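Contents: one structure, followed by commentary.
Sequence lines set the chain letters: A, B, ... in the order given, protein chains first and strands last, and positions in each chain run from 1. Side-chain atoms are counted along with the backbone in the values below, which use heavy atoms only and exclude waters and symmetry mates. Owing to the predicted nature of the structure, the values given are computational and were not obtained by experimental measurement.
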There are 2 protein chains.
Amino acid sequence: MNTNRDDAIPLTLPLPPEVEESLCRCGGIAGLVEQLPGDATLERESGVHRALADPLRLKILAMLAVQPLCVCVIKAVLGIADSKLSYHLSVLKKVGLIVGEAQGNWIIYRLTADGETWARRILSDAAN
Amino acid sequence: MNTNRDDAIPLTLPLPPEVEESLCRCGGIAGLVEQLPGDATLERESGVHRALADPLRLKILAMLAVQPLCVCVIKAVLGIADSKLSYHLSVLKKVGLIVGEAQGNWIIYRLTADGETWARRILSDAAN
DNA sequence: TTACTATTTCATAAAATATTGAAATACTGA
DNA sequence: TCAGTATTTCAATATTTTATGAAATAGTAA
């Protein structure tokens, strides 16, 4: 096993002067690497974006930002098959942007705190 | 052609009382629909998230948030094949999060204004 | 119990994305 | 010109995500 970072990252690359200079100032490649989020963080964060990477799912989020809704209302607005909607809801649920609570015959979905944060961002981006 | 929204969206669904009441207050299903972003907006927004839906690409963004970098430095840090890196850079470039400028033998990539906004969000989320 | 409704799950098919290695492009410096 | 380097492009393949329709689950109400 080799934990010496220096052989994974050659320090003596020929670089464009502009890059080399500012790279030196920030501690070289090692200094740069230190500033990056860890792998677990990147995985988690990219997972949220993957869930947001679909127009239908963003629309669901926007709807739930107005108020909690049961599946049948969401379906009526989107006009898609039950199983398709269920799939997309499960994607949003899995990353913790929404939760569903059974209420008699229905399941009412609402945004989580995370979901609200993202919905706000999305809607304010959309306004531009 | 049919532009009458009423037959796409049945107004007389049996609903959980909680949902029905607040749905009425916000103008029913029609009122709800009015508050949603348009399709073009949702497409564009989801496209950005799709570009951010990969840990490697988030890492690239985080690196460029430190300073503009040439491909070879990014490659040294990530330790992946040239063509793979080139593919991921093209994904970020296509949605306008980064731009590359040729500088002699090198291409130096930097964040766009949008890229900076997203990098800030990602890094501040990562801090939690 | 029965019939009915809302929603999810499952298997499979289709579509979109990502990886790989080889070849192409474009620049530099001798 | 030539050789060398940095980066991209391409075609083939592998992987992941999404769509679809049928069946299952779980609740309600008669």
Side-chain angles (χ1 to χ4, degrees), chain A residues 10 12-20 23 42-43 46-60 64 68-95 98-110, chain B residues 10 12-20 23 42-43 46-60 64 68-95 98-110:
Chain A
T12 55
L13 281 174
L15 297 179
E18 186 188 323
V19 171
E20 181 155 41
L23 191 53
L42 294 170
E43 284 294 344
S46 64
V48 176
H49 289 289
R50 193 169 304 121
L52 297 171
D54 183 288
L56 229 42
R57 291 196 292 264
L58 292 186
K59 203 163 184 176
I60 293 171
L64 296 180
L69 293 169
C70 56
V71 178
C72 52
V73 169
I74 303 175
K75 181 189 161 176
V77 172
L78 296 182
I80 61 178
D82 292 326
S83 59
K84 185 170 171 174
L85 176 52
S86 206
Y87 166 72
H88 287 290
L89 288 171
S90 79
V91 172
L92 291 169
K93 194 165 44 174
K94 184 159 1 183
V95 296
I98 67 176
V99 286
E101 190 185 3
Q103 190 107 154
N105 230 333
W106 297 278
I107 299 178
I108 300 181
Y109 280 94
R110 71 184 66 242
Chain B
T12 54
L13 281 172
L15 296 179
E18 186 189 323
V19 170
E20 181 155 40
L23 191 53
L42 294 170
E43 285 293 343
S46 65
V48 175
H49 288 289
R50 193 170 305 122
L52 297 172
D54 183 288
L56 228 42
R57 292 197 289 263
L58 292 186
K59 204 163 184 176
I60 293 171
L64 296 180
L69 292 169
C70 56
V71 178
C72 52
V73 170
I74 303 176
K75 181 189 159 174
V77 172
L78 297 180
I80 62 178
D82 292 325
S83 60
K84 185 171 173 176
L85 175 52
S86 206
Y87 167 71
H88 287 291
L89 288 171
S90 78
V91 173
L92 292 169
K93 195 165 43 175
K94 182 157 8 180
V95 295
I98 66 176
V99 286
E101 189 184 4
Q103 191 108 152
N105 230 333
W106 296 278
I107 298 179
I108 301 181
Y109 280 94
R110 73 183 65 241

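Expressed to the nearest 0.5 Å, how far OH of A/Tyr109 lies from CG of A/Leu89 amounts to 5.0 Å.
A 4.5 Å side-chain heavy-atom check between B/Leu56 and B/Lys84 finds at least one atom pair inside the cut-off. For the pair A/Ile60 and A/Leu85, the minimum side-chain heavy-atom distance is below 4.5 Å.
For the pair B/Asn105 and B/Tyr109, nearest-nucleotide mapping onto DNA chain D gives the more 5' position to B/Asn105. Across the interface with DNA chain D, nearest-nucleotide mapping of B/Val73 and A/Ala81 shows B/Val73 to be the residue nearer the 5′ end.
Checked by atom type and distance alone, the side chain of B/Ser86 never pairs as donor or acceptor with a backbone atom of B/Asp82 at under 3.5 Å. Side-chain atoms of A/Arg57 do not come within 3.5 Å of backbone N or O of A/Leu92 as any donor-acceptor pair.
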Considering only nitrogen or oxygen atoms on both sides, find all protein atoms under 3.5 Å from nucleotides 14-18 of chain C and state each distance.
unit_1: C/dA18; atom_1: OP1; unit_2: B/Arg57; atom_2: NH1; d: 3.3
unit_1: C/dA18; atom_1: OP1; unit_2: B/Arg57; atom_2: NH2; d: 3.1
unit_1: C/dA18; atom_1: OP2; unit_2: B/Tyr87; atom_2: OH; d: 2.3
unit_1: C/dA18; atom_1: O5'; unit_2: B/Tyr87; atom_2: OH; d: 3.4

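Atom CG of A/Asp82 is separated from atom P of C/dC10 by 17 Å (rounded to the nearest Å).
Smallest separation of non-hydrogen atoms from B/Leu15 and A/Cys72: CD2-SG, 3.8 Å. The minimum heavy-atom distance between B/Pro55 and A/Arg50, with the atom names listed, is CD-NH2, 4.3 Å. Summarising the geometry of A/Trp106 relative to B/Pro16, their closest heavy-atom pair is CD2-CD, 3.5 Å, with the distance given to 0.1 Å.
Once you apply a 4.0 Å limit to the heavy atoms of chain A, the touched nucleotides of DNA chain D run 5' to 3' over D/dA6 to D/dT28.
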